[in-house]
Every structure is written in C-alpha cells, then in structure tokens.
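Below is one structure, written out as structure tokens; the observations come after it.
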Amino acid sequence: MSEVDLERKSLPNEPGVYFFLNNKKTIIYIGKAINLKKRVNQYFLKTNYPDPYYEEKIKELVKNIHFIEYIVTENEKEAKILENIQIKKHLPRFNVVMRDSKTYPWVGFFYSEKFPRIRIIRGPEKYSKTNLFLGPFTDKKEITRILRDLRKIFPYCSCKKRVKIHRRPCLYYQLKLCPGPCIEAITEEDYMQNVKQIELFLKGQTDELKEQINEKMKNAAQVQNYEIAGFWRDKLQAIDNSTISQNVLLDRKENKDIIGYFKDEHQKYIAMVIIHIREGKIANKSSFPVNIKDKIVQKNDIFPLVLEQFYQDITHNLPDIIVIPEFYEGIKLFREILNEHKTKIKIRVPLEEEYGLLRIANKNAKVIVDQEIKMEEIKRKEENQIQKALEEAKEILNLPKIPRIIEGFDISNIEGTDATGSMVYFLEGRPYNKYYRHFKIRTKSTPDDVAMMKEVIKRRYTMLIENNLTLPDLILVDGGKGQLNAGYSVLKELGIEGIPIIGLAKKFEEIFVPNEKNPIILPKNSNLLKIFQRVRDEAHRFAVKLHKKQREKRVKRSVLDDIKGIGPATRNKLLKTFGSVNNIKQAPFEDIAEIVGKKLADIILKELNN
C-alpha cells in the first residue's frame, strides 16, 4: 500500500482543512470538509462526475498527490474561515484564487501619528492596526482622482515619512494642497478635522459630511463671520461638484452591494462585478476577473468561492445588504461568518426594482470575460509571431540554434564624460529585466564608442566564463561594423567566438555579420527586425538612464564633497544651516565649529578660501 493510501485511510472523521502536496512537498490544493476522511477519500474512489471538465481536472490532481496533511477544527465554520486564510497564504495551483486584495490599492489614514498622513498603499497588513485603511479599490486611477479632488477641499499631508518640523514647506503647501503641519501652519485639531472629513467622504457618508459643513457655515454666518462662512460655502459647492458623477439615486438611502457574474462556456474565465451603493447612490464598482483554467472547482461552486473570498477580506467595511443573483448551498454559513463582523447583515436575491442594476452588473462581468478571452488570443498570436521570427533568425543568420537568449549592448556618453554601457537580456523574444546590467566605463574618458563597447563586452563575458554561467545564443550591438568588430575581437580573445554576434545600424536598419562584406536588410514590416530593433532600443534606453543619473550626480556635486572628512550628511547639514557655500565661506569660525567641530571647521575654511 502506498504512503498516500495509508494517509487517506487513517484520516480522522472530524471537520477541518486538508492539504494535497506533490512529490516536491509543494501544496497544490486546499479544501475544507465536515468529515475529513470521507471528503478526501472521495477524490480517490469516485470515478464519474456529471461535469467532464471537472472530472478531467480531478484525475490530473489525484495523479499529482503524494502527501496529505490536515488541520482539524471545532466545526464547519472554523474550517471555512481557515480554508480561505490558507488558500490566500499558499496560492495552490489547483485552487480558484481571486486576485488577492492585498495587491489592490487601499487608502491609508495614519492615525498613529500626530498629524495623520493620507496615502494610497498596498498591503495594509504591514502597518499598525491603530491606523485606518479603506478599500480595496480596484481602480487606482479613480481613487487617485477622488483624493486629488478632495485635497483641494480638505488639504492634507501625503509625505512618505511621518511629519517632522522643517524650516521650509514643500511644493504642495505652495499649491494649497497641504496645510503645512511641518512648519506648524495648522493646529492639530484643524488638521484632524480635514482628515476626518475625507474619511467620511470615502466611506460614502457624503450627506453627513455636507450636514456638518452646512452647520459650520450657518454658525459662522450667525456671528457675522462672513469670511469663514464663505470658506465653508465654497467647500460645500466643491463637494457637490465632485459627487455629480455619483448622483445615480435610488428610492431608499441604503448601503448595499449588487453582485453581477458571468462565466464563459468553455469555463476558462469568470468575472464578478460588484456595484457599490452608498446612501442610495452608486458610489463605484469593483471588478474581479478570475482565470479558472486548470482549477479544481465544479461550475456551481465558482461563484460562492469568489464571492466569499472577497467579503472575508473586507470585513471592516461591509454594506448592510448584499444582493446576489441566486441563493446557493452554504449561504447560511457564509451569513453567520459575516454576522460576526457586522450584525444584521442581509444577503438576499434582487427585488424587482434592482433587476436593472443586476443587468448592468452582469453585462459588465460579460464584457470583462470577453476582454480576457480576446487578450489571451492576442497573446497567443503574438507568441506564435515571436517564435516564427526566432526560427527565421536561425535560418537567415545561419545560427546553430534558435536564439532563445539574446543580449544587447549600447554605450552612452557626451564627449567621453559620464560614459556608461548597458546590457539588456531578452528571453524568448521578450525583455527579462532581472538580468539587465549597467557598466560604468573605466578605461576611457575621451569619446571612443568602439573601445568602450570592447570594454563592456569583455567585462560581461569574462564574468560569465569565470562563474560558469549560461552564455547567450545571440549578441546584438548597437552600431555598425566598428562596434561589431570590437565585440567579435573580444569573443575571439576569450575563446568564445562561436557565439553569434551581429550589429544593427540605426540609419538604414542594416544588420552586419562578422566576416561578411554586405549587410543583411530585412523588410520594414519583418517581425524579426522588430525584435532586433526592440533589443537595440531597449539597450539604448537603459544606457541613457545610467548616463543621465551620472550626469545629474556630477552637476549636483558640491565643492564640499571634495573636502576630506565631509560626507553627505555633514554637507547637507552645513548647506541647510548657511544656505550656500558662499555663506559658509563668510560665516564666523565659531558658527561652523558648532556644527562640525573645531578641527573640521578649520579645514573647511582653509579649503574654501584656497
């Protein structure tokens, strides 16, 4: 009897979560069960299923099961919650996993700070629980726009780090988008009011927000403080303007979500769309496409899986009502789980007046699935084109094999200064950024692109040979015969002249090959030429990137950097205190010594005066 048969036959008759592992002990499937022994054995004993797609996937799963692990729970509810947590953690191959909400943007209110910042973040679990996070939002552009508009009404700080006192404010203060807590231009109480107003708005409580502002406007008018009254009136008008696009009103001021759903007939993709209604207005929508190809799930279970994964992730911000297309088995247990976070939450099918919104949600879901299918077709077509182009490269360039790995080189400099080289790595005709490399030119300070190319190629392949790493199938240099011959001579010197190398000259897009007098010219619409051009252009972009960085660093360099004993921190402290090098030069010795000490102050003044 095999190890896996022993494990499944000895499982307990208890509720819990089971884990199927492959021969490498990687978790490939996670499930829950009221009775672990009965549920797990079904996979091995049951041979016929009404759904042929499901049957095929089950057989493939069982073939890959080598180990079984489990966690026993008290009841089915605990098993359901634990299953969701474990699927999110391990992302098993055969499970349906909705794109984790941690990858979606959230709006963070950093209430753990004296002046709470507001920022768009990902992964709220990384931060302190004393902060507030609203989301997840599926459209980053939309939430960025909303915050941008709100900031004009209620300025706030969005710095990357917590607020510290500075001598000068940032640009956002000048633009009236930040109230300047860093220069103490606003009290803690007034600042907190702005933040709370934004929180109310994002929670959909716009009526409550407008009531508060209206009250402040009236109070100011009553004491004849018309300037303040006008200030609040303008904010009220700004809120009205920013909510015009959300003003699709319903009869009742309810907070509810209406769920739309669609799956394609081949069961490759499904999509769930949620229309969020807050205070009787359509606030926004969330869309969740899910690729279910190769996943172990019966078609009737797909919708509950995706729905429950979503709502168990946003338990802090649940609506009062969730409207679903139809009831399903297990809805009662799901309602119990949500009731632990929000009592009296309703889950029901649509009322007659809600069918219009349900149709909209379903239509949106269908459009998403159609788009996913179309994108898959486009990707497949593109893959075929790339593969044919690489096969064409083997024939045209007489290569020993299809060039799966192509490395491209370029040089960037201005009259020899700040010279940099780049190497880009293309795998199967696509850029693979992980293996990109920059090179600071060491041997030349005068303009000589050919010599610089020689240096970069030599450094690259010396390193690969010494470390016994994989060599490319094709090398492409940006340039004509000069750059090509430089590269080829290095390969010969290193004893690897068997690696094919070509040069691509930009003017006429000519391809130069070693020991060939005439260049190869491909048609302008050639897919192979497009791949070579992309390699060349990417190498150029990457080289220019470092060159600009080097140039900016040199331009920004201060004469203080040349003084021994002064590092970046001391330099910045001096410039912050005195404003400029000239002011440091004219400052009293005692003032400088107070910052850096007498010994260094003496060196600084001597160096500057020389």
Hey, is [atom1] on [X] packed in by over 12 heavy atoms from elsewhere, all under 6.0 Å?
| X | atom1 | answer |
| --- | --- | --- |
| Glu594 | CD | no |
| Tyr436 | OH | yes |
| Glu189 | CD | no |
| Leu333 | CG | yes |

Do the rings of [X] and [Y] sit parallel, tilted or perpendicular, given the 30° and 60° boundaries?
| X | Y | result |
| --- | --- | --- |
| Tyr18 | Tyr29 | tilted |
| Phe542 | His438 | parallel |
| Tyr435 | Tyr432 | perpendicular |
| Phe110 | Tyr127 | perpendicular |

Before accepting this row, confirm whether a basic side-chain N of the pair Asp320/Lys342 lies closer than 4.0 Å to the acidic partner's carboxylate O.
yes
Pairing of Lys80 and Glu83 as salt bridge, 4.0 angstrom limit
no
Note, [X] side chain near [Y] side chain (heavy atom, < 4.5 Å):
| X | Y | result |
| --- | --- | --- |
| Pro325 | Phe303 | yes |
| Ile331 | Ile324 | yes |
| Lys114 | Arg162 | no |
| Gln309 | Val306 | no |
| Tyr156 | Arg117 | no |
| Val544 | Arg541 | no |

What's the separation between atom CD in Glu113 and atom OG in Ser128, rounded to the nearest 0.5 Å?
9.5 Å
Interatomic distance, CG@Leu600 vs CG@Leu574, rounded to 0.5 Å, equals 7.5 Å
Look at the side chain of [X] and the backbone N and O of [Y], then say whether any donor-acceptor pair between them is shorter than 3.5 Å.
| X | Y | answer |
| --- | --- | --- |
| Tyr173 | Arg168 | no |
| Arg335 | Ile347 | yes |
| Asn362 | Tyr261 | yes |
| Asp264 | Tyr269 | yes |
| Ser158 | Ile118 | no |

Give the intermediate values and the outcome of salt bridge (charged side-chain N to carboxylate O under 4.0 Å, His left out) for residues Asp370 and Lys366.
CA-CA 6 Å; Asp370 290 344; Lys366 183 181 184 303; 2.9 Å; yes
Evaluate the salt bridge (charged side-chain N to carboxylate O under 4.0 Å, His left out) criterion for residues Arg348 and Glu354: first the C-alpha distance (whole Å), next the side-chain angles of each, then the deciding distance (0.1 Å), finally the verdict.
CA-CA 11 Å; Arg348 59 168 173 79; Glu354 292 167 337; 2.8 Å; yes
